[in-house]
Structures are given as C-alpha cells and as structure tokens.
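Just so you know, these numbers use all the heavy atoms, side chains as well, and skip hydrogens, waters and symmetry mates.
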Amino acid sequence: MKTFAIIFLLLIGFAAGFVGFLHTPSLRQTPFAMKVLTWLGTSCPTDFLTAQGLDHLRHDSLVKIRGASQAPTKTVWGLTLNRSNEAELLRWMRDRRFTCEKSRRGYVYYKCKNISLTSLGRPFKGPIGDLDFVLDAYDRLIFVGFLQGKMESKQAFALFRRISQQLKLRLGEPSRKTESFSFHDFTKDLNAITTEYRFKDYLAKVIATRIPQSGVMLYEQHIALPENFANH
C-alpha cells in the first residue's frame, strides 16, 4: 500500500496512525511490520477513485466522528485547513527550503522528507521526520501529517507532552486522550498514547507508539472536515 493510500485512510477516519507507522520506509522491512502488513493485505483504494469519489467517502465516514462545535482555529504551522491552496503551500515549502514530491490520485499529495523538528518551530534535536499534505479537488488544503520515527523513549515522552500542551493552548481541552501516562508508558511495545480533538470542521490527533526494533513512532495529523456538512 502506498503512502497516499495511508493518508486516504486517515482522511476518511479509518486509521488511527498505527498502520501509517508500519508503512514508513524505515519500519516496513522489520519482521514485525512485514507480518502485520501481510496479514492486513489491503489494496490501495485511491487506485480507482476520482476526487469526487474521495469526497463522498470523506463525507460518509467523517460525519460519524465529528464534534459539535466549530474549531477555534484550523491553522497548522502557518497554513489554514480548508483555506490555504496549492500556491500558498508551495510558497510555504520554498520559504523553508523543504524538498517535497508531488503525486496525484484523485487528490493532490505532497511528501516532504528529512524535516527537522526545529524547522517546524519545536526546540527538539533528534531524528528527522516526514511531512504530508493533501489538497482536494477544489485546491484546498485538507490534510497535514507529520511522522517522527526512531525516537528514544525519553525524547518521545518530552515531545508528546510539548505537542499536547501546544494543542491545548490552541484548541482547549481534548475530546479524547490517554487519561494519564508516564515515561514508562513510552518504553512498552505497542502501547498507544493519544490525544484527540473533534470539531465540526476539524480533527486533530497525536499518537505515539513504541514499535519493536524501531523505537517510538509519533504521528501528528490534522484533518479538515468537508464543509458541506460542517455547517449542518
């Protein structure tokens, strides 16, 4: 399954980040990941869907998990979901000297590799990560995801707490979260720690999981909900 297929699953609310972790280049060749992915055996849904088809799937899936109120903000790293377009996104990438690859399967996908946390305004040194962006058929940014892998437990614990605090300042109290966690939780394999926000027009989620043989993988995702039901 290709990267845009994983993002597609996240866009329609079927994945919580774990499958995305398993498909990262650094992880998918490990025996554990290969066994799980073989067991999943899922084909790529975007191979046969148009942009309009993707819109319908997003609507039907995300309407079931949206929240009751509008998000106080949908701005992520200076980009605004459902408002920023491809031209703005390209300027944003160029200003930061990011190298990104473009693909198109119904929607437009950009992947930026080798991104440091400091380039995103986070004072953490360590492993680099991957940024993903998706624009819909109407040239609107609808997805931002950042995957940080091969992290030591101590660093992952500190980063997760920092991201959670930043989200709380922007968005308020989370809709769902792991009630309590400690550094020890980041040392246990396959133990998922999450914080999640559900609004009428926006979903945000951070999940950290320690993967055998690969360290802690942390995935942050921001998803715009289709406007044709956000106001209903």
Side-chain angles (χ1 to χ4, degrees), residues 6-7 9-21 58 62 64-84 89 92 96 112 115-134 140-149 151-183 185-186 191-210 216-227 230:
I6 300 302
I7 298 171
L9 292 174
L10 293 169
L11 279 169
I12 62 174
F14 288 156
F18 178 63
V19 178
F21 291 161
R58 287 181 63 222
L62 292 174
K64 302 172 185 176
I65 60 173
R66 66 179 176 138
S69 60
Q70 299 282 339
T73 178
K74 295 189 296 241
T75 299
V76 183
W77 292 310
L79 297 165
T80 304
L81 294 170
N82 262 344
R83 183 178 301 173
S84 295
L89 176 60
W92 186 92
R96 289 158 181 77
C112 309
I115 306 300
S116 68
L117 287 167
T118 53
S119 68
L120 296 174
R122 289 176 176 160
F124 284 85
K125 294 182 179 179
I128 55 179
D130 291 348
L131 263 174
D132 291 294
F133 302 94
V134 182
R140 299 175 302 195
L141 182 67
I142 59 170
F143 178 91
V144 179
F146 183 67
L147 176 65
Q148 181 83 17
M151 302 180 70
E152 295 181 356
S153 298
K154 184 177 180 180
Q155 183 187 42
F157 174 58
L159 179 58
F160 187 91
R161 286 204 306 179
R162 176 64 177 264
I163 295 173
S164 298
Q165 290 167 356
Q166 291 176 332
L167 288 175
K168 187 174 181 178
L169 286 173
R170 289 176 50 234
L171 303 172
E173 290 293 333
S175 306
R176 302 172 65 183
K177 66 176 181 178
T178 301
E179 285 302 324
S180 62
F181 59 87
S182 65
F183 164 74
D185 293 311
F186 286 76
N191 186 42
I193 301 97
T194 65
T195 186
E196 181 177 352
Y197 291 83
R198 296 183 176 189
F199 297 101
K200 265 189 174 183
D201 51 350
Y202 170 44
L203 302 176
K205 184 170 186 176
V206 184
I207 178 170
T209 306
R210 183 174 181 84
V216 179
M217 312 290 283
L218 189 147
Y219 195 63
E220 179 178 353
Q221 62 192 54
H222 302 268
I223 304 173
L225 274 66
E227 291 184 343

Student check: side-chain heavy atoms of Ser153 and Val216 closer than 4.5 Å: yes
Heavy-atom neighbours of Arg96 CZ exceed 12 at 6.0 Å: yes
Side chain to side chain contact (heavy atoms under 4.5 Å, CB included) partner of Phe146, chosen from Asp132, Val76, Ile115: Ile115
Flag, side chain of Ser175 to backbone of Arg198, donor-acceptor distance under 3.5 Å: yes
From CG (Leu159) to CE (Met151), nearest 0.5 Å: 4.5 Å
Gap between atom CD of Gln148 and atom CD of Gln155 - 0.5 Å precision: 6.5 Å
Heavy-atom check, side chain of Pro72 versus side chain of Phe199, under 4.5 Å: yes
Point-to-point distance, once rounded to the nearest 0.5 Å, from CG of Leu131 to OG of Ser119: 7.5 Å
With His222, the side chain to side chain contact (heavy atoms under 4.5 Å, CB included) member among Leu141, Val206, Leu167, Ile142: Leu167
From Tyr197 atom OH to Ile223 atom CD1, the distance as rounded to the nearest 0.5 Å: 15.5 Å
Salt-bridge criterion met for Glu196 and Lys177 (N-O under 4.0 Å): no
Closest approach of Asn82 to Arg140 (non-hydrogen atoms, all atoms of both residues): O-CD, 3.7 Å
Whether Arg170 side chain and Thr75 backbone form a donor-acceptor pair below 3.5 Å: yes
From OG1 (Thr209) to OH (Tyr219), nearest 0.5 Å: 13.0 Å
Spacing of CD1 belonging to Ile163 relative to CG belonging to Leu117, to within rounding of 0.5 Å: 7.5 Å
Enclosure of Arg162 CZ (heavy-atom neighbours >12, cutoff 6.0 Å): yes
Phe160 to Thr195 - nearest heavy-atom pair and separation: CZ-N, 4.0 Å
Side-chain donor-acceptor contact under 3.5 Å, Arg176 with Thr194: no
Aromatic centroids of Phe133 and Trp77 separated by under 6.0 Å: no
